[in-house]
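One structure is given here, and the rest of the page talks about it.
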Amino acid sequence: MNCCRTSPNPSWVFPTVNLCCIGFFSMMKPSEPFVVPYLAGPDKNISLSMITNEIFPIWTYSYLVLLLPVFILTDYVRYKPVIILQGISLIITWLLLVFGQGVKAMQVLEFFYGMVSATEVAYYAYIYSVVSPEHYQKVSSYCRSITLVAYTAASVLAQLLVSLASLSYFYLNVISLVSVSVAFLLSLFLPMPKKSMFFHAKPGKEVRKPPNKNAASDAPYKVNTAGGGEKPTSEIATISGNLDGGPSSSPMPQNVALSVFVQWFQDLKECYSSKRLFYWSLWWAFSTAGFNQVLNYVQILWDYKAPSQSSTIYNGAVEAIATFGGALAACTAGCVKVNWDLLGELALALFSAADAGSLLLMHYTTNIWVCYAGFVIFKSSYMLLITIAAFQIAVNLSVERYALVFGINTFIALAIQTGMTVAVVGKQGLGLPVSIQWKWSEGKYLQRNGVERLRLKKEKKVFNLWELFFCYCWNFPNEKHLHNLLSQMRKGKM
């Protein structure tokens, strides 16, 4: 059987159902909420300091290194081979979790898990190449919702098996291995797309760009359509044409790959020339970096507060509640009719402060239940904010530009997270214990909130000591330095 055979005009139902099943089984991993207790327990017997400083950082490094090459490869090979690669990487990851021993084996495991994270783009992009545009919103919501349902179900199942059946963490990993193996087998039956967004796109309709360079302005551009009307560019492709066919707007170089890279550079330049899109993207990158860092090490903090070897832990229940709360918050942001153009930045300031407060609570409390509650608040607030930010970034972008901008934003977020990991967690950096790392993360969330508020006030030429405090004092608690900053602000130099 040729697993990469092109299917002639498949219905949108079969690939959507198949992809949703793949998403369900790839996320149905009940062992994930208990990874740290499993590694630190008798099965692997690895110390928390080694998990923190030597094992977990490998995921961040590998994800960063692999993201851009995989992003390009995904479109070039038309998605399906990369989804299959993700399935293979998941199987290798859980085989190492079940049978591997020692720090080196766990570091290899983290590399392949970084591959899993980098290849996720294929799962979400595949559907756009096999269904017609009128089904995009529907099937996209199905594919995203099923992963949240699967992760929540896996967390609940894990907690029930651990608390009621006293099942060993080892068997949770066996269940996860079986689940990801099913996802891999299902991926073999996906129809092979005939096109992709960039390298295999059909020529598109002519796009009339404005004379200025601010291509990602607050208002969508208009283009002439065959019927003589006008259509916003947010509804058509702007990179290498669109997926439905039509004459190309300008001559492209003979080398297809070179033409795509040139077009990417031009589109990114135009998109980020919009200050509004640039600021939202910057916030998105910093916020995602902080969220990933917290998510990567939160189980270690929980084990620090309540050691899993001597305490009853409820990681699965907390992960399920936090995921459900995050999904509810994201749904609220999408369903409630609010003018985010007007209130979006205010929401950023308020909920970023809530995020920072929840991290402060998690750091200073000695009660594991309060720590759990702080995480639920943190994840729910983040999901609400990231949904608002995604709306604001994507509102005037075509599908292709949306994919490109968020790919670059994700890369920037990973670069920021890698810098944080090298400086604070890794052996080559400070190698701080988990409690001090958490306080540093709190400072970064407070600083990010302060930077955003300070930028907004600065544009109005109004300054407030509260913003200055959160922006600078956390990392520079020096009275002379603070005095110099205030003097510079009074003189209009900041």
Parallel, tilted or perpendicular: ring planes of Tyr382 versus Phe291, cut at 30 and 60 degrees: parallel

Side chain to side chain contact (heavy atoms under 4.5 Å, CB included) partner of Met27, the single match among Val149, Val180, Leu148, Thr147: Thr147

Close side-chain approach of Ser176 to Ser179, heavy-atom, < 4.5 Å: no

Any side-chain heavy-atom pair of Thr421 and Asn296 under 4.5 Å: no

Residue pairs fulfilling side-chain hydrogen bond (donor to acceptor under 3.5 Å, both in side chains) with at least one residue in residues 103-114, sequence neighbours excluded: Glu32-Tyr113

Residue pair Tyr126 / Arg78, side-chain heavy-atom distance below 4.5 Å: no

Within the 6.0 Å centroid threshold, strictly below: Trp283 and Tyr279: no

Worked verdict on Ile83 versus Thr119 for side-chain contact (heavy atoms from CB on, under 4.5 Å): CA-CA 7 Å; Ile83 295 176; Thr119 52; over 6 Å; no

Parallel, tilted or perpendicular: rings of Trp59 and Tyr63 (30°, 60°): tilted

Derivation of the ring pair (Phe, Tyr, Trp, His ring centres under 6.0 Å) call for Phe406 and Trp284: CA-CA 9 Å; Phe406 275 96; Trp284 191 95; 5.5 Å; yes

Donor + acceptor pair across side chains of Thr323, Lys379 (<3.5 Å): yes

Exceeds 12 heavy-atom contacts within 6.0 angstrom, atom OH of Tyr124: yes

Close side-chain approach of Ser311 to Ile368, heavy-atom, < 4.5 Å: no

